[in-house]
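For the single chain, residues carry numbers from 1 onward in sequence order.
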Amino acid sequence: MHKNIFRLLAFGLLLMALQSCNSSYLTQNTTPALTNSFSDEAQQQLERDIINAQLSLQKPSISYEVDNPIDTNHAKIANKLEKNTFISYLDITVSNILREADSYLGTPYRFGGTTRRGIDCSAFMQKIFEVEGIDLPRISKNQAKLGIPIPKEHLQKGDLIFFSTTSSRRITHVGIVHSINENEINFIHASSSQGVIISSLDHEYWAKRFRTARRIENFVTPQLVLNSSIKNEVVN
């Protein structure tokens, strides 16, 4: 009986000793692994790498060609921008006018007419210029008094061209240069015999009756000038 009790006590003490050793071993070997797995220096380096990566995405590198130095003269830059913007705006104006003119192709001619049911040459010019807010006189001879006189050899798209179709030399007809292909000048107009058509200025009939030409630049209204000024201010 006493021997059995003694054996149980001895066995209990042995279990307690084993548990104590095991706990001590786990505590001494696992805690340092958790606390020292990442040093302060390594953590700081990682943070620096992350910041540098973000900056490289925000500020891509830009290299300038040595052969093309940047012009820092503000006056020159502003002058170039103004000229380029105005030329661009003028080109758009001419394109819009000619696009409107094309929409009239096939419209019948009617003396004194001002609509798509029938229109004469000077009213045709009035209508197509209206799309850009440009007001022209009603009569072709008065339209010929406006703008910049242009020699025939210097004609461009959008120039107004005037003719005398009677025995006198007075202006009686008007058209607008539509295209220039290999020195052949084509113009769109309201012909009294065929309505709105495109004709060649090289045709014998029109070549003999050509009198003068005027450039669109001096037909601009205050609104057109204002539009160009606004565009220049935005660009500058």
Side-chain angles (χ1 to χ4, degrees), residues 76 79-105 119-192 194 196-229 231-232 235:
K76 287 183 180 179
N79 183 260
K80 289 177 183 178
L81 286 172
E82 182 175 356
K83 286 184 178 179
N84 290 339
T85 304
F86 179 75
I87 290 171
S88 176
Y89 191 80
L90 181 62
D91 288 343
I92 293 172
T93 299
V94 171
S95 296
N96 288 341
I97 290 171
L98 292 178
R99 186 180 300 111
E100 181 69 8
D102 286 341
S103 72
Y104 276 82
L105 284 170
I119 197 166
D120 64 24
C121 64
S122 54
F124 178 44
M125 295 299 106
Q126 270 193 320
K127 290 295 184 182
I128 63 176
F129 274 78
E130 282 179 0
V131 298
E132 283 295 310
I134 302 173
D135 297 322
L136 297 185
R138 176 65 180 87
I139 309 300
S140 59
K141 68 176 182 178
N142 292 334
Q143 293 175 357
K145 297 175 182 178
L146 303 177
I148 305 170
I150 300 296
K152 186 177 180 180
E153 60 270 21
H154 294 150
L155 285 173
Q156 297 177 4
K157 288 172 58 176
D159 289 340
L160 293 175
I161 52 179
F162 299 89
F163 305 87
S164 175
T165 56
T166 62
S167 57
S168 66
R169 291 185 60 84
R170 68 186 182 88
I171 301 298
T172 58
H173 190 66
V174 60
I176 183 172
V177 176
H178 186 272
S179 62
I180 301 177
N181 302 313
E182 297 182 355
N183 298 323
E184 181 183 9
I185 300 169
N186 298 307
F187 65 100
I188 186 169
H189 61 125
S191 164
S192 59
Q194 301 180 62
V196 177
I197 58 170
I198 296 175
S199 301
S200 172
L201 189 56
D202 293 338
H203 189 282
E204 183 180 0
Y205 179 87
W206 296 113
K208 287 182 177 180
R209 289 163 175 77
F210 174 80
R211 292 293 176 265
T212 188
R214 293 293 187 273
R215 180 144 296 166
I216 189 175
E217 288 168 304
N218 274 36
F219 289 111
V220 296
T221 62
Q223 184 59 46
L224 191 62
V225 174
L226 176 62
N227 290 344
S228 183
S229 297
K231 286 181 65 120
N232 288 330
V235 173

Colleague: Taking Arg214 for its side chain and Leu146 for its backbone only, find out whether a donor-acceptor pair lies under 3.5 Å.
Modeller: yes

Colleague: Hey, what do you get for CD1 (Ile150) to OG1 (Thr212), rounding to the nearest 0.5 Å?
Modeller: 9.0 Å

Colleague: Going by the rule side chain to side chain donor-acceptor pair (under 3.5 Å), which residues pair with Ser103 if we only count those two or more places apart in sequence or in a different chain?
Modeller: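 Listed in chain order: Arg116.
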
Colleague: How about Gln143 and Ser122: does a side-chain donor come under 3.5 Å of a side-chain acceptor?
Modeller: no

Colleague: Please assess Tyr205 against Phe210 for the test ring-ring contact (aromatic ring centres under 6.0 Å, His included), listing each intermediate value before the final yes or no.
Modeller: CA-CA 9 Å; Tyr205 179 87; Phe210 174 80; over 10 Å; no

Colleague: Looking only at side-chain N and O atoms, does Thr172 offer a donor or acceptor that is under 3.5 Å from a partner on Thr165?
Modeller: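 Short answer, yes.
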
Colleague: To the nearest 0.5 Å, what is the distance between CD (Glu204) and CZ (Arg209)?
Modeller: 8.5 Å

Colleague: For the CD atom of Glu100 and the CD1 atom of Ile97, what is their distance to the nearest 0.5 Å?
Modeller: 10.0 Å

Colleague: Hey, can you tell me if Trp206 and Phe187 have their rings parallel, tilted or perpendicular (30° and 60° cut-offs)?
Modeller: perpendicular

Colleague: How long is the span from the CD1 atom in Ile134 to the OG1 atom in Thr93, to the nearest 0.5 Å?
Modeller: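 Separation between the atoms: 6.0 Å.
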
Colleague: Out of Val177, Ile180, Ile198, which residue meets the side chain to side chain contact (heavy atoms under 4.5 Å, CB included) rule with Asn186?
Modeller: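 Between Asn186 and the candidates, side chain to side chain contact (heavy atoms under 4.5 Å, CB included) is satisfied uniquely by Ile198.
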
Colleague: Verify whether one side chain among His189 and Ser199 offers a donor that lies under 3.5 Å from an acceptor in the other.
Modeller: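 Judged by distance alone, the side chains do pair up.
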
Colleague: For Arg211, does the CZ atom have more than 12 heavy-atom neighbours from other residues, nucleotides or ligands under 6.0 Å away?
Modeller: yes

Colleague: Using the side chain to side chain contact (heavy atoms under 4.5 Å, CB included) rule, take Phe129 and Asn96 through it: C-alpha gap first, then chi angles, then the decisive distance, then the call.
Modeller: CA-CA 9 Å; Phe129 274 78; Asn96 288 341; over 6 Å; no

Colleague: Ignoring hydrogens and angles, state whether a donor on the side chain of Asp102 or His178 is under 3.5 Å from an acceptor on the partner side chain.
Modeller: yes

Colleague: Think Lys127 forms a cation-pi with Tyr104, using NZ or CZ under 6.0 Å from the six-ring centre and within 45 degrees of its axis?
Modeller: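 No, Lys127 and Tyr104 do not form such a contact.
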
Colleague: Give a yes or no on whether the backbone of Ser168 and the side-chain of Ser164 come within a donor-acceptor separation of less than 3.5 Å.
Modeller: yes

Colleague: Is any side-chain N of the basic residue among Asp120 and Arg138 closer than 4.0 Å to the acidic one's carboxylate O?
Modeller: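 The answer is yes: the pair qualifies as a salt bridge.
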
Colleague: Can you sort out the partners of Glu153 under salt bridge (Lys or Arg N to Asp or Glu O under 4.0 Å), two or more places apart, ordered by chain and number?
Modeller: none

Colleague: To the nearest 0.5 Å, how far apart are CD1 in Ile128 and CD1 in Ile188?
Modeller: 7.0 Å

